[in-house]
Amino acid sequence: MSIQWFPGHMTRARRQIQEKLKLIDVVIELLDARLPLSSRNPMIHEILGDKPRLILLNKSDLADPELTARWVDVFRKEGHTAITVDASTGTNIQIIQVEARKLLEEKFARQVAKGMKPRPVRALIVGIPNVGKSTLINKLAGRQVAATGDRPGVTKGQQWIRVGNEMELLDTPGILWPKFEDQMVGYRLAATGAIKDQILNVEDVAFYAIKYLATHYSERLQERFELEVLPDLDNDDPNEIVAIMEQIGRKRGCLVSGGRVDLEKASGIILRELRAGKMGRLTFEVPDARRRS
Ligand code: G4P
């Protein structure tokens with residue numbers, strides 16, 4: 001993610017989305033299935049108002065399937081239509097237009113009753129950087145239309161992309177900012193690769209990741225790095241986590257003179273392997289811990 005969000009960017013991004021809302025019937029809100037809350041814009045309800053909304057949990061191929069199913073349940077209980085997708089392979093994307101149409105059924109029926117011709121549902125994709133907006137647009141379009149890379153405030157002529165017979169999509173997605181104020185959100189986004197390593201300290205991010213994995217996926221962590229001991233998480237001593245990072249560093253040959261472990265190098269390896277899916281499908285937010293944004 002190359003964006004540095006400043007208040008001016010946020011205001012402009014918000015205004016741009018609200019301008020686009022006037023043109024469309026339904027918003028497709030893209031979230032990262034591995035972190036459905038942290039990948040959500042903190043002002044999303046305010047920005048979208050009462051515009052019908054479809055929630056897509058993208059990158060579901062990388063997320064823990066059991067937790068993804070629970071997240072879908074949470075969103076559905078809130079009254080939203082939620083679908084899991086994988087934009088890179090296109091899994092489930094054919095459901096999008098069907099569900100979007102359902103959300104608009106009443107409105108369209110009213111229009112037809114007034115003598116208006118039936119027309120395709122007009123949709124806008126919104127989401128934070130790196131959540132998969134361009135990948136999804138290209139997949140839905142069946143060709144390369146959206147350039148990857150985000151810059152708030154950069155506009156170009158907008159066009160409608162036809163998706164089957166039922167839907168038209170704006171070719172430029174709405175780019176939103178994540179919830180920066182919460183440091184844990186930053187760590188989750190960084191651990192999954194949604195924000196670049198230069199923004200946060202790599203050792204801090206790896207520390208967060210190891211602590212989370214040791215708590216929620218301890219067997220996978222132990223197996224991947226052939227760890228002899230896992231930390232005693234009950235005593236909440238940060239040194240316990242650092243000791244695990246050192247064990248990993250030793251296993252992966254990250255040593256400096258005097259036999260000390262190069263923690264920065266070890267951290268880089270931990271994050272690379274995690275993001276490459278070497279520890280399997282992982283989710284970094286558990287529904288029970290959910291608080292409304
Ligand atoms: P954005 O427009 O919202 O900023 O996101 P974009 O589509 O550029 O996607 C960001 C990264 O996430 C891309 O990887 C993309 O391939 C990947 N991605 C998008 N959707 C999915 C998905 O459902 N599953 C998986 N596994 N990955 C997904 P990249 O490494 O930045 O680029 P590249 O590897 O595609 O070249």
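All ligand and atom numbering here is 1-based and tracks the order in the structure.
Taking the six-membered ring where the residue is Trp, Trp5 and Trp177 present tilted rings, their angle falling between 30° and 60°.
Comparing heavy-atom distances from atom 15 (C) of ligand 1 across Asn92, Thr135, Ile175 singles out Thr135 as nearest. Among Thr192, Val85, Ile137, Asp61, the residue whose heavy atom lies nearest to atom 24 (N) of ligand 1 is Asp61. Compare Ser60, Ser88, Ala194, Pro173 by their heavy atoms: the one nearest to atom 25 (C) of ligand 1 is in Ser88.
With a 4.5 Å cut-off on side-chain heavy atoms, Pro36 and Leu57 count as touching.
Counting heavy atoms under 4.0 Å from ligand 1, residue Asn130 touches it through both backbone and side chain. Contacts between Thr89 and ligand 1 below 4.0 angstrom, taking non-hydrogen atoms only, are absent altogether.
Taking only nitrogen or oxygen atoms, main chain and side chain alike, Leu136 does not reach within less than 3.5 Å of ligand 1. In terms of polar-atom proximity, defined here as any N/O pair under 3.5 Å, Ala87 does make such a contact with ligand 1. Among the atoms of Gly132, some N or O lies under 3.5 angstrom from an N or O of ligand 1. Between Lys59 and ligand 1, a contact under 3.5 Å exists for at least one N or O pair.
Nearest heavy-atom pair across Phe225 and Glu273 is CE2-OE1, 3.5 Å.
For Glu29 and Arg40, the salt-bridge test passes: some basic side-chain N is under 4.0 Å from an acidic carboxylate O. A salt bridge is defined here as a Lys NZ or Arg NE, NH1 or NH2 lying under 4.0 Å from an Asp or Glu carboxylate O, and Glu223 with Arg220 fails to meet this definition. Of the charged side-chain nitrogens involved, at least one lies within less than 4.0 Å of a carboxylate oxygen, so that Arg14 and Glu46 count as a salt-bridged pair.
Judged purely by distance below 3.5 Å, without hydrogens or angles, the side chains of Lys59 and Thr192 never pair a donor atom with an acceptor atom.
Heavy-atom contacts of Leu62 reach the following atoms of ligand 1: 26 (N) (cutoff under 4.0 Å).
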